[in-house]
Amino acid sequence: MCGIVGYVGPQEAAPILLEGIRRLEYRGYDSAGVSVLNGLALRTIRRSGKIDELADALNKDRPTGTCGIAHTRWATHGVPNQANAHPHLSADQDIALVHNGIIENARALRMKLTELGFRFTSETDTETVVHLVDHAFQIGAATLEDAVATALLEIEGAYGIAVVSSRDPGKIVVARNGSPLLLGIGKDGEYLVASDVAAVVAHTRDVVYLDDGDYAVLERSGYRTYHLERGVVSRDVHQVTWDLGAIEKGGFEHFMLKEIFEQPASLRDVIRGRLLEDTGSVHLGGITLQDEDLLRIKRILITACGTSWHAALIGEYMLEEIARIPVEVEYASELRYRSPVIEDDTLLMTISQSGETADTLAALREIKAQGILAMGIVNAVGSSIARETDFGVYLHAGPEIGVASTKAFTSQIVALALFTLYLARRRHMSASDGREMVHALCQLPEQVEHIIQLNDVFHELALEYSEAHNFLYLGRGYQFPVALEGALKLKEVSYIHAEGYPAAEMKHGPIALIDEDMPVVVLAPQDPVYGKVVSTIEEVKARNGRIIGVVSDSGADLCAKVDHLIRVPQTLPWLQPVLTTIPLQLLAYHVAVMRGCDVDQPRNLAKSVTVE
């Protein structure tokens with residue numbers, strides 16, 4: 001979603017702020033702006049559209065000063081235009097504020113503030129907050145932090161905010177509730193704030209993650225952290241383990257392609273140090289439960305959104321088949337608004353690349369409040385879900401910049417496989433079966449490398465299908481969630497309508513759509529339902545559908561039945577989704593590029609959905 005960057009230190013702020021919000025472009029945005037304190041004056045420049053528009057304006061008239069804030073906005077309240085862009089200003093233009101999230105009582109606050117004489121110049125909910133801070137000064141707040149804390153007491157909803165003011169210069173006040181925010185702790189009086197660590201890693205690897213209810217003051221002399229209810233608090237300093245190169249394209253045309261090609265490495269990282277080949281088991285340092293506590297788990301409830309939800313479906317199949325434990329998968333956005341029956345001895349598992357997905361985080365809090373044990377599978381170290389779950393598994397996939405998730409998805413599948421094996425070996429699985437699974441996991445990175453070498457094949461395939469208006473993806477068993485994910489990837493980056501279905505469900509409606517203009521991607525690896533999928537291919541062919549078959553053997557018996565055959569290596573059925581997913585990622589990428597789409601920043605999408 002939106003991006004926040006703030007800087008106070010010895011250097012000119014504007015170039016650092018501009019660099020920071022460029023690092024956050026991948027999150028999705030439609031306008032951008034900066035505010036810089038120059039002595040006792042505040043200069044603000046905002047532009048709709050891309051950051052390049054803002055950069056041009058700054059090049060013509062760059063504000064000077066060593067303290068400031070910047071923002072990239074993804075429209076929620078109000079259309080994407082310059083008036084609605086952040087930072088928002090007080091009436092005298094001496095307070096500037098940026099905000100991520102949604103102020104749920106904005107309408108009531110707007111009415112109250114209007115009655116007090118405040119005039120609104122935008123359609124945003126954010127403008128209510130800057131006027132509340134202004135009002136707090138008017139009624140006696142002595143410092144910027146006091147004014148912000150007073151304003152926050154009237155706000156309902158999610159927010160990450162950063163505020164500067166010429167009334168109390170040389171400091172940034174920040175606050176967090178439901179929207180991620182971190183502090184970058186530099187050297188020689190240099191401090192940063194950001195909604196994403198990517199914006200600060202060029203300057204420091206030491207970061208402090210704020211908790212909900214926290215606010216902080218950053219000055220050249222240091223930083224202080226507070227909680228709205230508890231006063232002064234102390235938050236740990238964490239070190240970022242990856243470097244700047246991880247968030248640069250490294251010679252690739254797009255981040256999406258780079259991250260597809262990074263999957264052999266990301267899969268090695270998720271299994272590194274965790275596989276015990278001799279015993280056919282797994283070591284998961286993030287699992288803090290004793291074996292007897294694990295054995296008491298009678299049911300697993302997995303909640304996630306989007307691509308992570310597709311990984312959860314694969315995890316459901318794995319855990320039920322291999323660990324023999326009942327599993328239910330729920331969209332987090334639905335789970336949080338109904339009254340699920342949560343039995344004792346249930347484990348809640350939350351899956352999120354960012355660890356900040358608003359609906360997933362809210363569902364976690366709702367269920368955990370009932371006393372249920374909670375586990376997280378996340379990529380972002382120090383994220384809210386990582387900190388609020390009882391234990392979990394980090395993906396270690398490195399930063400994922402492309403909006404359409406690729407390497408995080410396959411890493412999630414492998415993390416779920418690791419946890420499945422971890423449980424199964426403690427329940428009933430033999431050491432020999434465990435060693436077979438460990439061996440298969442060890443082979444995955446090399447097998448993915450083999451598929452990636454076929455990249456040119458997918459470029460040629462895209463030439464034929466980039467003008468299609470609709471796609472159908474079919475799979476059964478473990479391949480059904482892969483079909484859903486393949487369809488989602490194509491929709492996200494190419495804007496082609498696509499649907500994923502269980503192959504057997506095709507004749508319960510979707511078969512009516514099939515004709516010579518409907519490309520159909522059929523996932524047909526050698527697994528227990530292979531024969532059934534072949535029958536589906538026959539049905540599609542009989543209706544002149546154009547078929548792209550993804551198989552895990554020579555595919556000799558399908559050569560005459562499909563228009564294009566994509567071969568991937570064979571592995572165990574529950575790991576096969578890792579391999580059948582890669583061709584669908586590459587197909588979506590090349591089709592999107594051929595159609596001239598913005599692959600890394602698809603329209604209307606944001607990388608991390610931190611508002612409902």
Side-chain angles (χ1 to χ4, degrees), residues 310-311 313-318 320-322 329 409-410 413 417 440 444 447-448 450-451 454 457-458 461 464-465 468 470-490 498-516 518-588:
H310 298 155
L313 291 177
I314 296 169
E316 177 184 22
Y317 292 1
M318 282 184 195
E320 291 198 338
E321 180 179 352
I322 302 168
V329 175
F409 176 65
T410 51
I413 297 171
L444 279 179
Q447 291 173 322
V448 170
H450 170 79
I451 301 169
L454 303 176
V457 172
F458 297 102
L461 201 59
E464 182 166 343
Y465 291 104
N470 302 280
F471 263 76
L472 189 62
Y473 288 74
L474 302 174
R476 293 193 72 160
Y478 286 98
Q479 299 305 314
F480 165 49
V482 178
L484 294 175
E485 174 63 12
L488 178 61
K489 281 292 149 289
L490 192 71
E499 297 296 337
Y501 276 92
E505 290 297 304
M506 182 192 67
K507 48 186 169 289
H508 294 278
I511 197 169
L513 300 173
I514 294 174
D515 58 19
E516 63 275 5
M518 170 71 84
V520 182
V521 179
V522 183
L523 300 156
Q526 286 289 340
D527 60 19
V529 292
Y530 175 76
K532 301 293 185 182
V533 177
V534 171
S535 297
T536 299
I537 290 174
E538 298 277 11
E539 292 169 346
V540 174
K541 194 67 176 174
R543 287 154 182 84
N544 298 319
R546 292 186 290 167
I547 304 173
I548 301 169
V550 180
V551 302
S552 63
D553 66 347
S554 67
D557 57 332
L558 291 181
C559 285
K561 295 181 173 67
V562 303
D563 298 271
H564 305 277
L565 201 65
I566 306 298
R567 297 179 178 88
V568 301
Q570 180 74 43
T571 187
L572 298 173
W574 43 90
L575 296 178
Q576 197 71 55
V578 174
L579 304 180
T580 52
T581 291
I582 311 298
L584 309 190
Q585 295 174 346
L586 286 167
L587 177 63

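The first residue of the sequence shown is numbered 1, and numbering continues consecutively from there.
None of Ile582, Leu444, Val448 except one satisfies the side chain to side chain contact (heavy atoms under 4.5 Å, CB included) rule with Thr410; the exception is Ile582. With Ser552 as the partner, the side chain to side chain donor-acceptor pair (under 3.5 Å) test is satisfied by one option alone out of Gln526, Arg567, Gln570: Gln570.
Asp527 CG to Lys532 NZ: the interatomic distance, rounded to the nearest 0.5 Å, is 12.5 Å. Summarising the geometry, atom NZ belonging to Lys541 is positioned 10.5 Å from atom CZ belonging to Arg546; distances are rounded to the nearest 0.5 Å. Here the CG-CD1 distance, from Leu579 to Ile451, works out to 4.5 Å after rounding to the nearest 0.5 Å. Distance check: His564 NE2 to Leu461 CG gives 5.5 Å after rounding to the nearest 0.5 Å. The distance from the CG atom of Asn470 to the CD1 atom of Ile514 is 11.5 Å, given to the nearest 0.5 Å. Atoms CG and CD, from Leu490 and Gln585 in turn, are 12.5 Å apart once rounded to the nearest 0.5 Å.
Looking only at side-chain heavy atoms (C-beta outward), Leu587 and Ile548 come within less than 4.5 Å of each other. Here the side chains of Val482 and Ile314 are in contact, with some heavy-atom distance below 4.5 Å. With contacts defined as side-chain heavy-atom distances shorter than 4.5 Å, the pair Val550/Tyr473 does not qualify. Using a 4.5 Å heavy-atom threshold, the side chains of Trp574 and Tyr317 count as separate. Considering only heavy atoms from C-beta on, Phe458 comes within 4.5 Å of Ile566 through its side chain. Within the 4.5 Å cutoff, no side-chain heavy atoms of Gln447 are placed close to those of Val578. The closest side-chain heavy-atom distance from Gln479 to Thr580 is below 4.5 Å. Looking at heavy atoms from C-beta onward, Pro510 lies out of side-chain contact with Glu499 at the 4.5 angstrom threshold.
With 3.5 Å as the limit, one finds no donor-acceptor pair spanning the side chains of Asp563 and Tyr465.
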Item to complete: Walk me through it: do Val521 and Leu584 pass the test side-chain contact (heavy atoms from CB on, under 4.5 Å)?
Response: CA-CA 9 Å; Val521 179; Leu584 309 190; 3.7 Å; yes

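For the residue pair Leu472 and Met518, the shortest heavy atom distance occurs at N-SD, 3.9 Å. Here the closest heavy-atom approach between residue Tyr478 and residue Pro481 is recorded as O-CD, 3.3 Å. Between Gly500 and Leu484 the shortest heavy-atom distance is O-CD2, 3.4 Å. Minimum interatomic distance between Ala483 and Leu523 (heavy atoms only, all atoms of both residues): N-CD1, 3.6 Å.
With respect to Glu485 and Lys489, a salt bridge is recorded, a charged nitrogen being found less than 4.0 Å from a carboxylate O.
Listed by chain and residue number, nothing satisfies the salt bridge (Lys or Arg N to Asp or Glu O under 4.0 Å) test with Glu516 (two or more places apart in sequence, or in another chain).
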